[in-house]
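Indexing begins at 1, ligand by ligand and atom by atom, following the structure's order. Residue numbers count from 1 along this sequence.
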Amino acid sequence: MSLYCGTICRRKSFWCYRLLSTYVTKARYLFELKEDDEACRKALQTGVFYLFHDLAPLLQASGHRYLVPRLSRAELEGLLGKFGQDSQRIEDSVLIGCSNQQEAWFALDLGLNSAASKHVSLPKSEMEAELGGSFIKLRQALFQLNSMDSSLLFTAQALLRWHDGHQFCSKSGQPTKKNMAGSKRVCPSSNIIYYPQMAPVVITLVTDGARCLLARQSSFPKGLYSALAGFCDIGESVEEAVRREVAEEVGLEVESLQYSSSQHWPFPNSSLMIACHATVKAGQTEIQVNQKELEAAAWFSLDEVATALLRKGSFLQQQSDALPLLLPPKLAIAHHMIKKWVERQTCASLAA
Ligand SMILES: NC(=O)c1ccc[n+]([C@@H]2O[C@H](COP(=O)([O-])OP(=O)(O)OC[C@H]3O[C@@H](n4cnc5c(N)ncnc54)[C@H](O)[C@@H]3O)[C@@H](O)[C@H]2O)c1
Ligand SMILES: [Mg+2]
């Protein structure tokens with residue numbers, strides 16, 4: 001589907017309407033809502049709302065899965081009315097996306113209990129009873145959500161958390177004010193504009209040609225190994241961060257590296273995971289684990305990793321003491337990097 005753009009492009013001596021793709025139309029619409037408070041206020045009238053309570057999204061159990069209910073404006077006003085709240089509270093919502101038909105999607109947290117919040121936290125269990133669902137922590141619900149829902153909820157939670165933690169200007173100490181979409185906060189006193197932030201993290205799958213290097217922290221579930229990850233230091237490029245993290249964590253020098261892909265990761269806060277594949281020199285592969293950062297690190301053969309990728313069942317269910325190698329779940333970028341490495345080695349595509 002495509003729509004005609006409202007703007008006219010001037011081209012030589014005639015005017016023409018340029019046909020815009022659905023994707024471009026959506027991107028331009030969201031841009032407009034972020035920049036124009038009045039346009040966003042209008043979108044709040046016709047949009048749909050994802051509800052949170054203290055950063056836990058409203059979910060509905062359906063067999064072994066969770067569905068993510070959305071409320072219309074009228075339903076949300078009805079709910080707020082039942083809890084003695086003014087519909088003005090809807091303006092606390094943050095914009096998280098829109099449909100192909102330009103129905104704006106918002107997230108609203110009715111349970112945040114910070115000292116900074118100007119609104120009361122609504123009672124969780126009464127709201128759950130009213131809504132026929134439960135507010136469930138995202139970490140707990142992760143494996144029962146489809147990938148589109150989890151990605152949208154990750155974004156919503158990250159944005160809601162950021163607003164909750166940036167209610168005051170760090171220079172003037174005065175309250176900051178959210179724009180209608182929630183894409184920024186402004187301090188009326190110092191005029192400083194605050195934008196939501198993510199911390200850049202490099203995640204690197206190191207190989208010596210035949211094997212790949214995986215590591216674990218003591219906080220990981222038993223048997224789980226992942227690629228090396230680390231926060232970028234201020235002033236570093238991605239390449240510098242990869243080289244430093246590999247040196248710091250396992251005592252190896254990177255020979256070459258290649259960017260692969262990226263992912264927004266909400267735990268524990270908002271990170272931008274930047275995935276790279278790296279090689280080390282064949283003769284320089286002796287690992288020296290930094291025990292302050294990692295519990296263990298080791299080289300794994302193609303066979304071991306390919307077998308672990310095929311292993312069914314979640315690592316959360318891991319109970320036995322005989323620990324097979326377990327890899328990160330499919331929604332983590334580490335899983336995709338490891339899968340890509342196996343595919344490259346075997347020149348074959350694995351099932352998603
Ligand atoms: N999605 C995935 O596949 C995947 C896989 C592995 C790790 N991760 C994520 O990567 C992140 C970083 O990995 P790590 O823990 O090994 O990092 P790391 O090796 O940099 O070690 C963490 C330490 O770095 C310091 N640090 C520096 N800047 C920080 C910041 N902005 N926020 C928090 N701590 C900071 C802290 O002292 C912290 O204890 C983790 O949050 C983890 O959730 C995601
Ligand atoms: Mg690390």
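Checked by atom type and distance alone, the side chain of D208 pairs as donor or acceptor with a backbone atom of A210 at under 3.5 Å. Side chain of Q345 to backbone of V342: no donor-acceptor contact under 3.5 angstrom is found. Formation of a donor-acceptor pair under 3.5 Å by the S270 side chain with backbone atoms of P266 is not found in this model.
Residue contacts with ligand 1, taken as heavy atom pairs separated by less than 4.0 Å, involve W265 solely via side-chain atoms from C-beta onward. The part of V201 lying near ligand 1 is the side chain, judged by heavy-atom distances below 4.0 Å. Contact annotation: for N269 versus ligand 1, there are no heavy atoms closer than 4.0 Å. With a 4.0 Å heavy-atom cut-off, ligand 1 is reached by no atom of H335.
The N, O or S atom of E249 lying closest to the Mg ion (ligand 2) is OE2.
When each atom of ligand 1 is checked for a heavy atom of Q263 under 4.0 Å away, the hits are 1 (N). The contact set between ligand 1 and F267, taken as ligand atoms under 4.0 Å from a residue heavy atom, comprises 41 (O), 43 (O). Contact atoms of ligand 1 toward G230: 17 (O), 18 (P), 19 (O), 20 (O) (distance under 4.0 Å to a heavy atom of the residue). Short contacts between ligand 1 and Q217, defined as distances under 4.0 Å to a heavy atom of the residue, involve ligand atoms 14 (P), 15 (O), 16 (O). Of all atoms in ligand 1, numbered sequentially from 1 with element shown, those under 4.0 Å from a heavy atom of M273 are 4 (C), 8 (N), 9 (C), 10 (O), 44 (C).
For A227, no nitrogen or oxygen atom sits less than 3.5 Å from a nitrogen or oxygen atom of ligand 1, counting backbone and side chain alike. Taking distance alone, with nitrogen or oxygen atoms compared against 3.5 Å, E249 approaches ligand 1 more closely than that limit. For P268, no nitrogen or oxygen atom sits less than 3.5 Å from a nitrogen or oxygen atom of ligand 1, counting backbone and side chain alike.
Cation-pi geometry between R139 and F267 is met: under 6.0 angstrom from the ring centre, within 45 degrees of the axis.
Aromatic ring centres of Y50 and F106 lie farther apart than the 6.0 Å criterion allows.
Salt bridge E253/K281: absent, no basic N to carboxylate O contact under 4.0 Å. One finds a salt bridge joining R244 and E236 here, because a Lys/Arg side-chain nitrogen approaches an Asp/Glu carboxylate oxygen to under 4.0 Å.
Put simply, the side chain of L228 does not reach to within 4.5 Å of the side chain of L205, judged on heavy atoms.
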